[in-house]
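Inspection log for the structure reproduced underneath, given as structure tokens.
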There are 2 protein chains.
Amino acid sequence: MRDVARMAGVSIKTVSRVVNQQGEIAAATRQRVIDAINELGYRPNRLARAMITQRTHTVGLVIPDITNPFFPEVARGVQDVAQEHGYNVFICNTDGGAVATQKALYSLADQSADGVIVFPAALRDETLGEFAAAFRPVVTINHLFEHQNVGCIMVEIRRGAQMAVEYLCQAGHVAIGMITTEHPPKMKTRRVLGYTDILQAHGLPIRDEWIVTGPATLDGGYTLTHKLLDQFPEITAIFTYNDLMAVGAISACKEMARGVPQDCAIVGFDDIQLSTVTTPALTTVRVDKYAVGQQAMHCVLHMLEHPDQQFVPTSIPMQLVVRESA
Amino acid sequence: MRDVARMAGVSIKTVSRVVNQQGEIAAATRQRVIDAINELGYRPNRLARAMITQRTHTVGLVIPDITNPFFPEVARGVQDVAQEHGYNVFICNTDGGAVATQKALYSLADQSADGVIVFPAALRDETLGEFAAAFRPVVTINHLFEHQNVGCIMVEIRRGAQMAVEYLCQAGHVAIGMITTEHPPKMKTRRVLGYTDILQAHGLPIRDEWIVTGPATLDGGYTLTHKLLDQFPEITAIFTYNDLMAVGAISACKEMARGVPQDCAIVGFDDIQLSTVTTPALTTVRVDKYAVGQQAMHCVLHMLEHPDQQFVPTSIPMQLVVRESA
DNA sequence: CTGAAAGCGCTTACAG
DNA sequence: CTGAAAGCGCTTACAG
């Protein structure tokens, strides 16, 4: 910058002014500066600028695992709107661990990220609150958290689960099992809530033994389906936590010579690409993952512009996608 | 930091020394400083530090599309080793465009990233060279580029293609088609080279009409397979550019009532998760994507530590995974 | 329309 | 073992 100023025969301040396009500048002066900039290949140092403006044009995205097909799409959503606004985005994987999440959050704050988007997963509310007290904005996805410094993007999970199970009921199923992830004892997740909502609405009994839990993976779905159907062969339909588990369930059914959907209907959750290529193709509840990412980034931007304003939680609607497995 | 110094009754310099664990410090003094740090919740500002040390502990990863199942795994590879070494990583999507790639590169340099990992895709060598002249280190994946400032991680694509086609030949196929992406006329990609290598080795004719090109997607594979088999029904095996295309090819064959693998064998490339859940499951060439990412990040780290050293290209070996489609 | 000075929050020689 | 000064590359009031 000094070199540019010298070459153009002006002060550093003037260079700064043309770079930032602020204030009035004599056309001739500006041209001289621009020429010097081009000749020297000068590019402003964003770090130095950031130190003054307190804006790094950087946001962090904290997710369990980019390798899980759910997350790349939301990542793309945030990246696309970030890029539109001149932001770069850090991505951190936590594998769902509470301490890894916490570390990632503070590491992002140390890097002076302007904002942070996080799937809080196992993170305790207390920890999240501590962080939010020192950092703003943070936006959580799928986790309601009331705080001046946090915005929330909510996927209507309970509604989605209701749609899935309702569809199964409409098709005449009365013995519907559920395969889901482990969760704290006694706590019902939104998916389980949606499931019981509908059973109740139809006057169907809720049998806790029909709800089995394990890792939300292909293998998890496979193993749990075996377990569930071995024990309760009367079950004719299964609603799963996500598509990965649903695809595992399809494999298990094939192996057990249970036709899908005739002998056992299966409905997944998320609508990832995988679900279109299985045989039968998966009936599932679509989450607009890309929109989730976009909204989250918009939320960050909004909170950055309005430091004093409370952000009202945004809801992302769900949609049932009927294919072949149910 | 000033507050910490004041509270501990020492100079700023002393605080800096305990934070960076450098130099000898009286135990009592150190303790006082540490207490002050904890009490105040002081965290060093990495930006300010970066401005001096010229190290942001930040790297950029420039890929076509995080939504393509190939890339999350390599991203995870670089992120994991990055994190181990205290680095955060920016991810930029380019959709394979040359100008988007160039923009991403310079944006990363503007952010003062310490290094950059890039799939150069459509980027012209000249552009890459210009960038590398002003920035170091850059490491390219799958693109050999001789330059003091660039390291290369090479996947043995030609070798992988040879393995795939050799397997098909061994199985007795003599009419083997190929579905691949568009590429500059007259230029043979490494996959096509591997394909022709083996045909030649077996004394089989090379028929350019049997090599069809289009987008490397599910749909692309589907459409091209229709086209290829409609025109040349004598073809009994197809080697595809990637697994996405291979899965599309399977769909097309099903629709055309061609049994896979009996009537038409199919071999893919990459070994993404998708390929395990199709019916039939895909035979493919495995690329260790995670290792690619790890190596790339190691390369960055190495080049950062040895500014004067030329990095020798690293090769990632391939492996044929035989499942059901061939 | 343009310039000189102070300062963002640190680290790096250099003294003592 | 510890301190005072300069400076990383910019921007922000404040003058003129």
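The structure displayed is predicted, hence computed values, not measured ones. In what follows, chains are A, B, ... by sequence order, proteins preceding strands, each numbered from 1.
Of the two residues near DNA chain D, B:Val10 and A:Ile12, the one whose nearest nucleotide lies more 5' is B:Val10.
With sequence neighbours left out, the side chain to side chain donor-acceptor pair (under 3.5 Å) criterion links A:Arg46 to no other residue. Legend: residues meeting ring pair (Phe, Tyr, Trp, His ring centres under 6.0 Å) with A:Tyr290, ordered by chain and number and at least two apart, are absent. Contacts of A:His183 classified as ring pair (Phe, Tyr, Trp, His ring centres under 6.0 Å), with partners at least two apart in sequence or in another chain: none. With sequence neighbours left out, A:Asn88 forms a side chain to side chain donor-acceptor pair (under 3.5 Å) with B:Ser107. For A:Glu126, the side chain to side chain donor-acceptor pair (under 3.5 Å) partners at least two apart in sequence or on another chain are A:Arg124. Listed by chain and residue number, nothing satisfies the side chain to side chain donor-acceptor pair (under 3.5 Å) test with B:Tyr42 (two or more places apart in sequence, or in another chain). Judged as a salt bridge (Lys or Arg N to Asp or Glu O under 4.0 Å), and not counting sequence neighbours, the contacts of A:Arg43 are B:Asp110.
When distances are taken from the side chain of A:Thr14 to each of D:dT11, C:dT2, D:dG3, the shortest belongs to C:dT2. Checking C:dT11, D:dG3, C:dC8 against every side-chain atom of A:Met51, the shortest atom distance belongs to C:dC8. In this structure, the nucleotide among C:dT11, D:dT11, D:dG3 sitting nearest to the side chain of A:Thr53 is D:dT11.
In this structure, B:Arg136 contributes its side chain and B:Pro307 its backbone to a donor-acceptor pair below 3.5 Å.
Residue B:Thr29 places at least one side-chain N or O closer than 4.0 Å to OP1 or OP2 of D:dT2. Phosphate contact (OP1/OP2 of D:dT11, side-chain N/O of A:Ser16, threshold under 4.0 Å): present.
Per the geometry, CG belonging to A:Asn20 stands 13 Å off P belonging to D:dA13, to the nearest Å. Distance CD (B:Gln54) to P (C:dC10): 17 Å, rounded to an integer number of Å. Taking atom CG on A:Leu47 and atom P on C:dG9, their separation rounds to 14 Å, with Å as the unit. A:Ile37 has its CD1 atom 14 Å from the C1' atom of D:dG9, to the nearest Å. As rounded to whole Å, 8 Å separates atom C1' of C:dC1 from atom CZ of A:Arg17. The distance from atom CZ of B:Arg49 to atom P of C:dC10 is 8 Å, rounded to the nearest whole Å. Taking atom NE2 of residue A:His57 and atom C1' of nucleotide D:dC10, one finds them 14 Å apart after rounding to whole Å. Atom P of nucleotide D:dC10 and atom CG of B:Asp110 are separated by 11 Å, given to the nearest angstrom.
Residues from residues 38-46 of chain A that place a heavy atom under 4.0 Å from any atom of DNA chain C: there are none.
Defined by atom type and a distance below 3.5 Å, a donor-acceptor pair is present between the side-chain atoms of B:Thr56 and B:Asp114.
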*If you write DNA chain D from 5' to 3' in dot-bracket form, with Watson-Crick or G-U pairs under 3.5 Å, [ ] for crossing pairs and | for pairs with another strand, what do you get?*
|||.||||||||.|||

